[in-house]
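Below you'll find the structure, written out as structure tokens, and then a few comments.
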Amino acid sequence: MKLGVVRFPGSCDELDALRACRLVGDAELLWHRDRDLRGVDAVVIPGGFSYGDYLRAGAIARFAPVMGAVGEFARSGGLVLGICNGFQVLCEAGLLPGALLPNLSLRFVCRQVDLVVERADTPFTRACDPGEVLSIPVKHTTGRYYAPERILDELEANGQVLLRYAEGQNPNGSLRDIAGVANERKNVFGLMPHPEHAVDPLTGSTDGARIFESIAAHVEALRRGPLAAAGGSASAVVGRGAA
Amino acid sequence: MRARVLIRPKEGILDPQGQAVERALPALGFDGVANVHVGRMVELDVDDVSRVGEMCERLLANPLIEEYEILVVER
Amino acid sequence: MRARVLIRPKEGILDPQGQAVERALPALGFDGVANVHVGRMVELDVDDVSRVGEMCERLLANPLIEEYEILVVER
Amino acid sequence: MSGGLTSSPHRELGLTDREYERIVARLGREPNGLELAVFSLMWSEHCAYKHSKKLLRRLPTEGARVVMGPGENAGAVDVGDGLVAAFKVESHNHPSAVEPFQGAATGVGGILRDVFAIGARPIAILDSLRFGELDSARSRYLLAGAVSGIGHYGNSIGVATVGGEIYFEGPYEQNCLVNAMCLGLARRDRMVRSAAAGPGNLLVLLGALTGRDGIGGASILASAELGEDGAAKRPSVQIGDPFEEKKLLECSLELVDAGLLVALQDLGAAGLSSSSSEMASKGGVGLDIDVSKVPLREPGLEPFEIMISESQERMLCVVEPAKLDAVLEVCSRWEVRATPIGSVTDTRRLRVFDGGELVGDMPVEALVDDCPLYDLEPARPAAPVYPDPPRRLADDAPADVALRALLRAPSVASKLWAFEQYDSLVGSRTVRRPQQADAAVLQLAPDGGRGALAVSIDGNGRRVACDPYTGAVEAVLECARNLACVGAEPLGLTNCLNFGNPEKPHIAWQLEQAVEGMADACRALGVAVVGGNVSLYNESGGGPIYPTPVVGMVGALPDPALAAPAGFVEEGHRIALVGPFAPDLAGSELEKLRGRLATGLPQVDLEAQAAALAFVREAVRGGAVASAHDVAEGGLAVALAECCIAGGVGARVDLAPLAERGPERALFGEGPGGVIVSGPPEAIDELARIAGAVPFLRLGEVGGDALEIDVGAATLSLRVDEARSLYEGGLPDLLQ
Ligand SMILES: Nc1ncnc2c1ncn2[C@@H]1O[C@H](COP(=O)(O)OP(=O)(O)O)[C@@H](O)[C@H]1O
Ligand SMILES: [Mg+2]
């Protein structure tokens, strides 16, 4: 299995993400100007300040050549994980619903938070238990998840909210305490917390590894056949692009 | 031609920056201020001003959360 | 009365946001764009519009690096 | 060459008549405007260290681990496995007082460039900040701006800000201090120096466009044509662009890694002038620069402006002609502007051309080495230099009232409000985050090394004001103690000397005493000074700042898993005080709250201090202790409360053995040398047994939900949750 981590000018957490990916498989960096995803099984858009986050977080990065390829990959069912700035990029690119607004505090916040796993039957959370609490850090200025009420209702109804901040721990004012959402098909997932910073007991927590293990398990299962990948769920993801 | 794009948070979306300004002004002795909103302004020289709307839709504003207004500035 | 304050980096002051937008637009196929600057806009209801200049000096703008313009918006 | 000069422009540029005469003598003629501008900056205090250079020679700079001492952009020490740690601290005090956000942001940008200029990847930032008391709106504004500026730059560029310190004292009201330290890692065989070499090689400017940033005073040299208000319009505030620097950083490191550079140097104060002449001086060569090739942000910059512009996010490198294309290719991939602007010569002169025209011609040595160095004329002040701080606590306030007041005093209270605004995690190295332990701990595994580095920055200016020699000794000791608490052995030290006007005898005395103290402490601990910075003339209407030597120390530890946290870990663990701690109220936070400033501090026995540090370090490394925290501001009571808050558990302790000279001293007395450790009973017994000459005092036991202290007849009790809300609320409450 091979994961690709996109590097934009201004990415900051790409090497951390690469390290986290390498705990579960092969991984390499993908350059923002490349259109070729080099046959990776899943793409990670890492955290940082792509293009300085100027204008609006994620607004400029979404037009990078590599994002065209990532879009096609996602539309063909490939797994795409966006972390923090990556989440912002995916929202700006329309690959995920909603938008991220400045934190209510208007300040950057770096803090360990507890996250509740809402769905443990997706490619990104299948290594978790439903309701499990993960300790993972956040660090951002623009992390307040927003979508119109109607869309929020839809997201909830479709089970697209995969992670929520534990009660009283919402660090940014995200609506309905949403920390991470998937697209309808559940092959694109974005979250503000940084699972790649929670894969080493020395640096605080290993709970973030679950996200990467989930991706690896899903890709392995796909190898063995679509039915195994479905893991019993009806909304199975079949096939993947650019392999 | 010089164009000026004014971008503000859509109505109904919490604007903590506007609120912060609204709270800070009375503390400095400015009363009678209400309904403060903080947005962005982009100014640019363009050959073809008719394309600015498209620039807004695609890059300068995020239509989900922001509304914009385009003004042409006489030069 | 509704006032609109437009705040931009002073001339000669580095404007990295403006530069970033200026570089991004041609890549999206928008040519003939130059001299892009990104600033802020503050909109507010005020009883006494004559005090807005003072508000800018003290809070809304940073006079060291920004210049501002006050517009009164008809309502 | 330039019109519109007054009769003695050199004075307006800060040069004395004698300095000017010396320049004329070295040139054999009167300098033109450009040359005068360049000389005035190169011979400024900032670049030439004319009042401090002689004094700095007293600092010990050699040691087995030293790879690069003072003189390069950053100092460097060997950390094994082919890696070196490069680090330096630098001030950005004045720009931050003018515009705190941009001032602090560009301060971080500047110190990062110093570190990657030697080919090291920056892995950590620390900040050391001083403001006036928070009842002042200006101080609140400066604090908020500086902290968000540091966060903005460090977070955006992806370097973890892992530690720092903030103090609030009246004398910083008009002159805040913003010092930033950067720590980087390089492969020893991949470092690069700043010495230009090889006549015929090209000088290439990397990074941002050049604008009229920081021309400042020199704008009097601008030609008259620019008009009356031209000078006034010139922005003096520099805007930081961390995105540009991020690209510059990655690009520079790739160029170094690929072996494409002969030399690399950042552009800091005095811009092209100082970077080019220092590169030439170090290499014993000359440089020709064509300013017409320098890419500009705005039209119409005059040659002298281009030479002294302090526009941020620029680097200068020397490249062999055959490698130019490869260099340009790397730069273009990173979208970093790269422009050949000149070449290395064997003339030993800095020659400036504007296209075909020679507009300046100066001997490199004259610029770099010939500035006169001045002797200080120190004299111990006869009367107190500083007013007493405002009184906030009655002398007869009971101990529990005093403890509560101390916990929320802004200099003591938790700095969570600030460090939560910093990304302390990026890089996957941070094993101990802010407030988790006395020093930040960064593992080397991601960089292919073993073990970890520990880093700390310290300097209590008020104590230095009470006694400059001992205060400076204490700053070094505190850093070393912080390192010992996580099991680290010091490898090297950097410092920033923030002082008032050295031409005044009492300031000169403070400076000399502090440098002596720092030097003696370094010798006693066997730590070399590998670099630093000096910031003088920090005075204004309100008088001089407290003398503030800020010390940054880097150490190494073999096993990051054993780096002790500050907080108590488990009910039933025993608590002990280790080290030659002799609590005294002189210079303490309690005395400050009571409105008093001492005029002396107790002497320190450096040998005993060094022995205790080694003992603590070995105890932590051996895994004998579960927690370790040093006793600092607020004394034992505050330190114990911090251990309880961090661990979320109470403690029962008996300070009676320390109370013979009064319970107050035992509770709130300060001084170097004390470390609170905790651990399982057997481990603490064993430590007591092997302590030998190192003072070792059992204090009590971890447990319960309150801190309960016996001090002879008196007792004191504070619930841990109340302690936490005082401690964590101290700063935000004042900032509301
Ligand atoms: N207080 C000090 N202690 C030790 N070295 C110092 C001190 N101040 C300055 N230096 C050294 O003097 C040299 C020049 O410093 P500086 O002008 O700040 O360098 P830069 O221009 O690279 O920022 C550096 O090598 C620095 O480490
Ligand atoms: Mg330097």
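Excluded from the calculations below are hydrogen atoms, water molecules and symmetry mates; all remaining heavy atoms, backbone and side chain alike, are included. By convention in this document, chain letters (A, B, ...) are assigned in the order of the sequence lines, proteins followed by strands, and residues within each chain are numbered from 1. Since this is a predicted model, take the numbers as computed values, not measurements.
Proximity to chain D (any heavy atom under 4.5 Å) is shown, for Thr141(A), by neither the backbone nor the side chain. Of the atoms belonging to Arg333(D), heavy atoms from both backbone and side chain fall under 4.5 Å from chain A. Heavy-atom distances place both the backbone and the side chain of Tyr51(A) under 4.5 Å from chain D. With a 4.5 Å cut-off on non-hydrogen atoms, Leu249(D) does not touch chain A at all.
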Practice task
Go through the steps to decide whether Arg107(A) and Trp417(D) satisfy the test side chain to side chain contact (heavy atoms under 4.5 Å, CB included), and finish with yes or no.
Solution key: CA-CA 10 Å; Arg107(A) 288 194 296 267; Trp417(D) 173 87; 3.6 Å; yes
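In this structure, CG in Asn155(D) is found 8.0 Å from NZ in Lys139(A), a value given to the nearest 0.5 Å. Interatomic distance, CG of Asp423(D) versus NE2 of His140(A), reported as 11.5 Å (0.5 Å rounding). In this structure, the separation between CZ on Arg111(A) and OG on Ser424(D) is 12.0 Å, given to the nearest 0.5 Å.
Residues of residues 57-71 of chain A placed with any heavy atom under 4.5 Å of a heavy atom in chain D are absent; none qualify. Within residues 198-209 of chain A, the residues that have a heavy atom under 4.5 Å from a heavy atom of chain D are Asp200(A), Leu202(A), Thr203(A), Gly204(A), listed by number.
The minimum heavy-atom distance between Gln421(D) and Phe108(A), with the atom names listed, is O-CD2, 3.3 Å. Minimum heavy-atom separation, Val426(D) to Asp13(A): CG2-OD1, 3.3 Å. Here the closest non-hydrogen pair linking Gly427(D) and His197(A) is N-CE1, 4.1 Å. When all heavy atoms of Cys12(A) and Ser156(D) are compared, the closest pair comes out as SG-O, 3.3 Å. The two residues Tyr54(A) and Pro242(D) come nearest to each other via the heavy atoms OH-CD, 3.8 Å.
Of all the listed residues (Arg433(D), Arg432(D), Arg429(D), Lys247(D)), the one sharing the greatest number of non-hydrogen pairs under 4.5 Å with chain A is Arg433(D). Comparing Glu420(D), Glu244(D), Lys246(D) by heavy-atom pairs within less than 4.5 Å of chain A, the highest count is held by Glu420(D). No other option in Ser105(A), Gly48(A), Cys110(A), Ser50(A) has as many heavy-atom pairs under 4.5 Å with chain D as Cys110(A). Contacts with chain A were tallied for Pro446(D), Ser148(D), Ala561(D); Pro446(D) has the most, counting heavy-atom pairs under 4.5 Å.
The environment of Arg450(D) atom CZ is sparse: at most 12 non-hydrogen atoms of other residues, nucleotides or ligands sit within 6.0 angstrom. Atom CD of Glu28(A) has more than 12 heavy atoms from other residues, nucleotides or ligands within 6.0 Å. The number of heavy-atom neighbours closer than 6.0 Å to CZ of Arg33(A), taken from other residues, nucleotides and ligands shown, is above 12.
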